[in-house]
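First up is the structure itself, then whatever we jot down about it.
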Amino acid sequence: MKIKLLVLLTSLLMASTIKAYRLTAYIPQENPTKTGVIVCPGGSYFWLDKVTEGEKVARWLSENGIAAFVLEYSHGGWGAFAFHVRTRGRSFPAGFDDLSRALASVKTDAEKYGVRADRIGCMGFSAGGHLVMHAAEQLAGTPQAIAFVAPMYPVVSMTHPCAHKRSRRGLLGEFPSKAMKDSLSLEHHVPVNCPPVFLMNCDDDPVVHYHNAELLDSALTRHGIPHQYEHYRTGGHGFGVSEEKTTREAICWKERFLVWLKSIIG
C-alpha cells in the first residue's frame with residue numbers, strides 16, 4: 001500500500017510541473033499574407049513534439065508569409081503515461097480550452113500580428129490533429145469559429161477499432177464512458193457549417209492507423225464540406241515539415257497545402 005501511494009504521489013508531482021499553456025508567435029518578415037495559423041503539435045495527449053511538429057512547422061509557415069502561433073496545450077505528462085493516472089486539469093477539456101483561449105488571443109491581437117481576424121486557421125499533427133478538428137467542429141458558427149483547419153495524420157475516432165488507444169487514454173483517462181468516447185469521435189460530429197479542411201496521412205503510418213483519416217474524409221464528403229484529402233502510400237508518422245523524416249511522396253503535402261490555402265483565402 002505504501003509503495004502504491006508513493007507511486008501515485010510521484011506521478012502527480014511529475015504531472016504538476018507541466019506548463020499547461022504557452023503560445024509562441026512566429027511573424028513573417030517578408031510578404032505577409034495576413035493569414036494566421038495556430039499550430040498544435042502531437043504527442044498522444046501525453047506529451048508534445050515541440051520541435052518537429054511545433055517550431056519547425058511554424059518557421060516554415062512564417063517563411064511563406066503566414067503568421068504562426070505554436071500552442072503548448074494541456075496534456076497528461078510522462079507521469080500520467082507511466083503510472084496510468086488521470087491528471088486533474090490536464091485531460092479533456094483542458095486542451096480544447098487552451099486552444100479556445102489561443103484563438104481568442106490571436107483574434108483580439110490580430111492587427112498587432114498583421115493578420116485578419118477572419119483568416120485564422122489551425123493545423124495539428126496526430127493528437128494535435130484531433131484537437132484542432134474537434135475545435136473546428138465545436139466552434140463552427142460561433143465568434144471563435146476557425147477559418148480553416150488542417151489535421152495532419154490525425155487521431156480521429158475514439159470508438160472505432162482503428163482508434164489510437166494511447167491518445168484516447170491521454171485525453172480521457174483509463175476508463176472513459178461510451179458517451180465520452182462517442183462525443184470525441186470526430187467522424188460523428190461534422191457540422192454543416194464546418195470550415196474547409198486540408199487532411200493528410202500515409203498508408204504506412206505505424207502509429208495512427210490510416211483508417212482514422214479515411215473515416216474523417218468520408219464524413220466530410222457525406223456532409224458536403226469543402227476539403228482536400230492528401231493520401232500518401234508512404235511517409236510514416238510524426239514528420240511535420242522535415243524532409244529527412246519522411247518520403248519524397250509525403251513531403252509534397254507542404255506545397256499542396258500552400259496551393260490549397262491560397263485557393264480558399266485568395
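- Side-chain N/O atoms of E214 and H211 include a donor and acceptor closer than 3.5 Å.
- Closest approach of I27 to Q29, counting heavy atoms only: O-NE2, 3.0 Å.
- At least one side-chain heavy atom of L184 sits less than 4.5 Å from a side-chain heavy atom of L172.
- The shortest distance between side-chain heavy atoms of L186 and V190 does not fall below 4.5 Å.
- Hydrophobic clustering (ILVMFWY, side-chain heavy atoms < 4.5 Å, transitive): M200 and V207 are in distinct clusters.
- Rounding to the nearest 0.5 Å places SG of C202 at 11.0 Å from CH2 of W253.
- Counting heavy atoms from C-beta on, the side chains of L199 and D217 come closer than 4.5 Å.
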Assess whether side-chain contact (heavy atoms from CB on, under 4.5 Å) is satisfied between H134 and F92, documenting all intermediate values. CA-CA 12 Å; H134 175 65; F92 183 79; 3.8 Å; yes
Which is it for Y73 and F96 under the side-chain contact (heavy atoms from CB on, under 4.5 Å) test, yes or no, and what are the steps along the way? CA-CA 8 Å; Y73 54 89; F96 172 76; over 6 Å; no
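- For K34, the NZ atom sits in a loose shell: 12 or fewer heavy atoms of surrounding residues, nucleotides or ligands are nearer than 6.0 Å.
- Here the NE2 atom belonging to H209 is positioned 9.5 Å from the CG atom belonging to D205, to the nearest 0.5 angstrom.
- In this structure a side-chain-to-backbone donor-acceptor pair under 3.5 Å is present from E249 to R233.
- Atom CG of L261 is separated from atom CG of L61 by 9.0 Å, given to the nearest 0.5 angstrom.
- Listed here is the closest heavy atom pair of S44 and S167: CA-OG, 3.3 Å.
- Here the CZ atom belonging to R116 is positioned 10.5 Å from the OG1 atom belonging to T33, to the nearest 0.5 angstrom.
- Stacking of R166 on the aromatic ring of F46 is not recorded, the 6.0 Å distance cut-off and the 45° axial limit not both being met.
- Residues L220 and M133 form a side-chain contact, since some pair of their non-hydrogen atoms from C-beta on lies under 4.5 Å apart.
- The 12-atom threshold is not exceeded at NZ of K50, counting heavy atoms of other residues, nucleotides or ligands nearer than 6.0 Å.
- Side-chain atoms of Y232 and E230 form a donor-acceptor pair, as typed in the model, at a separation below 3.5 Å.
- A distance of 10.0 Å separates OG of S183 from NE2 of H188, quoted to the nearest 0.5 Å.
- F257 and I265 end up in the same hydrophobic cluster when Ile, Leu, Val, Met, Phe, Trp and Tyr side chains are linked at under 4.5 Å.
- With sequence neighbours left out, E255 forms a side chain to side chain contact (heavy atoms under 4.5 Å, CB included) with L258, V259.
- For R222, the side chain to side chain contact (heavy atoms under 4.5 Å, CB included) partners two or more places apart in sequence, or in a different chain, are S218, A219.
- Between the side chains of D203 and H231, a donor-acceptor pair is found at a separation under 3.5 Å.
- Nearest heavy atom pair, residue D49 against residue G238, reads OD2-O, 4.3 Å.
- The two residues P191 and I225 come nearest to each other via the heavy atoms O-CD1, 3.4 Å.
- No side-chain donor-acceptor contact under 3.5 Å links Q138 to the backbone of A136.
- The minimum heavy-atom distance between G36 and F69, with the atom names listed, is CA-CE1, 4.3 Å.
- At least one donor-acceptor pair closer than 3.5 Å links the side chain of S263 to the backbone N or O of W260.
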In residues 141-159, what donor-acceptor pairs under 3.5 Å come from side-chain atoms, sequence neighbours left out?
{"residue": "T142", "atom": "OG1", "partner": "L139", "partner atom": "O", "Å": "2.7"}
{"residue": "T142", "atom": "OG1", "partner": "Q144", "partner atom": "N", "Å": "3.2"}
{"residue": "Y153", "atom": "OH", "partner": "E53", "partner atom": "OE2", "Å": "2.7"}
{"residue": "Y153", "atom": "OH", "partner": "F239", "partner atom": "N", "Å": "3.1"}
{"residue": "Y153", "atom": "OH", "partner": "G240", "partner atom": "N", "Å": "3.0"}
{"residue": "S157", "atom": "OG", "partner": "T159", "partner atom": "N", "Å": "3.2"}
{"residue": "S157", "atom": "OG", "partner": "T159", "partner atom": "OG1", "Å": "3.4"}
{"residue": "S157", "atom": "OG", "partner": "H160", "partner atom": "N", "Å": "2.9"}
{"residue": "S157", "atom": "OG", "partner": "E187", "partner atom": "OE2", "Å": "2.8"}
{"residue": "T159", "atom": "OG1", "partner": "S185", "partner atom": "OG", "Å": "3.4"}

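- Under a hydrophobic clustering in which Ile, Leu, Val, Met, Phe, Trp and Tyr are joined whenever their side-chain heavy atoms come within less than 4.5 Å, directly or via other members, V70 and L23 fall into different clusters.
- Using modelled atom types and a 3.5 Å distance limit, the side chains of H237 and S126 yield a donor-acceptor pair.
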Test F125 against L131 for side-chain contact (heavy atoms from CB on, under 4.5 Å), laying out the working first. CA-CA 9 Å; F125 298 82; L131 175 59; over 6 Å; no
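- Checked for salt-bridge contact, R59 and E63 miss the test: no charged N lies under 4.0 Å from a carboxylate O.
- Checking side-chain atoms of S177 against main-chain N and O of M180 turns up a donor-acceptor pair under 3.5 Å.
- Within the 4.5 Å cutoff, the side chain of N201 has no heavy atoms near those of the N212 side chain.
- A single hydrophobic cluster is not seen to contain both L103 and V57; linkage of ILVMFWY side chains at heavy-atom distances under 4.5 Å, directly or through other members, places them apart.
- Contact annotation: the side chain of M123 never approaches that of P41 to less than 4.5 Å [non-hydrogen atoms, C-beta and beyond].
- With hydrogens and angles left out, the side-chain atoms of T234 and T247 include a donor and acceptor closer than 3.5 Å.
- A donor-acceptor pair shorter than 3.5 Å can be found between the side chains of Y45 and H130.
- Hydrophobic clustering, with ILVMFWY side chains joined whenever heavy atoms are under 4.5 angstrom apart, groups I38 together with V115.
- Between the CD atom of E137 and the CG atom of L216 there is a distance of 7.0 Å, given to the nearest 0.5 Å.
- Summarising the geometry of A140 relative to N193, their closest heavy-atom pair is CB-OD1, 3.4 Å, with the distance given to 0.1 Å.
- Looking at R169 and E174, a side-chain N of the basic residue comes within less than 4.0 Å of a carboxylate O on the acidic one, giving a salt bridge.
- For F198 and H227, the ring centers are positioned 6.0 Å apart or more.
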Show your working on side-chain contact (heavy atoms from CB on, under 4.5 Å) between V132 and L99 and close with a plain yes or no. CA-CA 8 Å; V132 299; L99 180 50; 4.2 Å; yes
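- With a 4.5 Å cut-off on side-chain heavy atoms, V197 and P226 do not count as touching.
- With salt bridges taken as basic N to acidic carboxylate O contacts below 4.0 Å, one links D182 and K178.
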